[in-house]
Amino acid sequence: MSATDSHQPAATVALFISDLHLQAAHPRTTQAFLDFLQTRAMQVQQLYLLGDLFEYWAGDDDLETPYNSEIAAAIRQVSAAGVQVFWIAGNRDFLVGDDFAQAAGLTMLPDPSVISVAGRRLAIAHGDAQCTDDLAYMQFRAQVRQPQWQAQFLALPLAQRKAIIAGVRKESQEEQRHKTMEIMDVNAEAVNALFDATATSTLIHGHTHRPACHQTPHDNGVRTRYVLPDWEYDIKAQRGGWIALDVAGVIRRFGHDGQEILDDPT
């Protein structure tokens, strides 16, 4: 803000983040998240975690791992300070359950969800369910989201589950090399269907790692879709950021350095 600005920006009431892919092997990204919780999240009323907070989640019995326990405790601190913390599962951490939610002091939400904050009605989602052009992924998603499949998988020893996940990730990375970005992005019809189903005109989601603000004319108004960035602070070209909603109902996007991104809607 320059010296010529006549007023301070309105107070932030809600923050939205996704796709941090937290893991012990990425200490700078982990520290960036912990700093965000202490310096940003502690100051607001609500924090929304919209999926893929972890690189993977093998089951709530993995809470005993020191790293996972540390992350849960850090989120719990925010919740204990009076901030409402909400969670939508991603494609990496859809096995998060009640034990993690209790340990972290958060509330789990369905994907998608409709929320009302600062006088605005918003739809929030992880975003993978709208990537309907990626047929192979959609088939995989439908399988692993079935309660019976999850129960059978979680009945396996933890070490075996982690080995299976590592294998799936390796296969997925190889497959992605042969997929276009368009196939892995959201489908316009699927997004419009979500808008219709939720009767909203604003959507916030992650998953695609393609942060932007998209605006599409609809009837007598505009539908606005905000895409969250992924986080990666352990490389030279760092990535990250969040979306903030202030008390006046204004939505702003921020980059990894905490600077506001002035939107040029597409």
Side-chain angles (χ1 to χ4, degrees), residues 17-27 29-30 33 47-80 85-113 124-132 134-177 179 184 190 205-209 230-231:
I17 59 175
S18 74
D19 298 277
L20 280 72
H21 300 276
L22 294 176
Q23 53 187 304
H26 288 181
T29 303
T30 301
F33 174 61
L47 171 64
Y48 292 87
L49 310 174
L50 301 188
D52 285 3
L53 181 71
F54 294 97
E55 173 66 6
Y56 70 89
W57 191 258
D60 282 5
D61 51 341
D62 205 14
L63 263 169
E64 297 180 6
T65 301
Y67 180 84
N68 293 339
S69 179
E70 176 190 8
I71 297 302
I75 299 172
R76 181 81 186 192
Q77 263 193 310
V78 176
S79 175
V85 183
F86 299 96
W87 169 284
I88 284 182
N91 54 294
R92 303 290 189 91
D93 47 24
F94 59 87
L95 290 174
V96 158
D98 293 338
D99 288 347
F100 176 83
Q102 183 175 357
L106 56 80
T107 300
M108 300 175 70
L109 299 176
D111 183 2
S113 285
I124 55 176
H126 178 56
D128 62 324
Q130 285 68 51
C131 295
T132 55
D134 191 343
L135 300 181
Y137 171 71
M138 295 305 291
Q139 291 175 352
F140 172 78
R141 186 184 191 278
Q143 177 189 38
V144 300
R145 296 302 180 104
Q146 294 176 1
Q148 182 179 3
W149 183 94
Q150 294 186 8
Q152 292 175 345
F153 184 76
L154 292 173
L156 299 173
L158 179 59
Q160 185 177 353
R161 278 178 266 149
K162 289 185 175 183
I164 292 172
I165 290 171
V168 171
R169 285 298 307 136
K170 185 176 181 180
E171 291 178 7
S172 176
Q173 291 170 353
E174 180 63 27
E175 290 174 357
Q176 287 177 8
R177 294 175 56 190
K179 294 179 181 179
M184 292 186 290
H205 73 83
H207 180 65
T208 64
H209 301 188
D230 66 315
W231 287 37

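Residues take their numbers from the sequence shown, with the count starting at 1.
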Could you measure the distance from the [atom1] atom of [X] to the [atom2] atom of [Y]? Nearest 0.5 Å is fine.
| X | Y | atom1 | atom2 | answer |
| --- | --- | --- | --- | --- |
| Asp61 | Leu154 | CG | CG | 7.5 Å |
| Asp230 | His21 | CG | NE2 | 6.0 Å |
| Ile164 | Tyr56 | CD1 | OH | 12.5 Å |
| Leu106 | Leu49 | CG | CG | 6.5 Å |
| Leu47 | Phe86 | CG | CZ | 9.5 Å |
| Met138 | Asp134 | CE | CG | 8.5 Å |

Looking at every non-hydrogen atom in both residues, tell me the closest pair between [X] and [Y] and how far apart they are.
| X | Y | result |
| --- | --- | --- |
| Ser79 | Gly105 | OG-O, 2.8 Å |
| Ala25 | Pro27 | O-CD, 3.2 Å |
| Val144 | Gln150 | O-NE2, 2.9 Å |
| Ser18 | Gly206 | OG-CA, 3.4 Å |
| Ala89 | Asp111 | O-OD2, 4.2 Å |
| Lys162 | Ala58 | CG-CB, 4.0 Å |

For residues 63-73, please give each side-chain donor-acceptor pair under 3.5 Å, one per line with the distance, not counting sequence neighbours.
from  : atom 1 : to    : atom 2 : distance (Å)
Thr65 : OG1    : Asp62 : O      : 3.2
Thr65 : OG1    : Asp62 : OD1    : 2.5
Tyr67 : OH     : Gln23 : N      : 3.1
Tyr67 : OH     : Gln23 : O      : 3.4
Tyr67 : OH     : Thr30 : OG1    : 2.7
Asn68 : ND2    : Asp62 : O      : 3.0
Asn68 : ND2    : Asp62 : OD2    : 3.2

Would you please name every residue forming a ring-ring contact (aromatic ring centres under 6.0 Å, His included) with [X], sequence neighbours left out?
| X | answer |
| --- | --- |
| Trp57 | Phe54, Phe100 |
| His205 | none |
| His26 | none |

Test side chain to side chain contact (heavy atoms under 4.5 Å, CB included) applied to [X] - qualifying residues, sequence neighbours left out:
| X | value |
| --- | --- |
| Glu171 | none |
| Ala190 | Gln130, Thr132, Asn187 |
| Ala129 | Arg141 |

Please list, chain by chain and in numerical order, all residues satisfying side-chain hydrogen bond (donor to acceptor under 3.5 Å, both in side chains) with [X], sequence neighbours excluded.
| X | value |
| --- | --- |
| Asn91 | His126, His207 |
| Arg169 | Ser172 |
| Tyr137 | Asp128 |

Quiz item: Trp87 pairs by side chain to side chain contact (heavy atoms under 4.5 Å, CB included) with which of Leu109, Leu53, Ile75?
Solution: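 The residue from Leu109, Leu53, Ile75 that satisfies side chain to side chain contact (heavy atoms under 4.5 Å, CB included) with Trp87 turns out to be Leu53.
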Quiz item: Which residue pairs pass the salt bridge (Lys or Arg N to Asp or Glu O under 4.0 Å) test with at least one member in residues 90-108, sequence neighbours excluded?
Solution: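 For residues 90-108: Glu55-Arg92.
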Practice problem: Keeping to residues at least two apart or across chains, list the ring pair (Phe, Tyr, Trp, His ring centres under 6.0 Å) pairs with something in residues 150-171. | Solution: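 As it turns out, the ring pair (Phe, Tyr, Trp, His ring centres under 6.0 Å) pairs with a partner in residues 150-171, which skip direct neighbours, are Trp149-Phe153.
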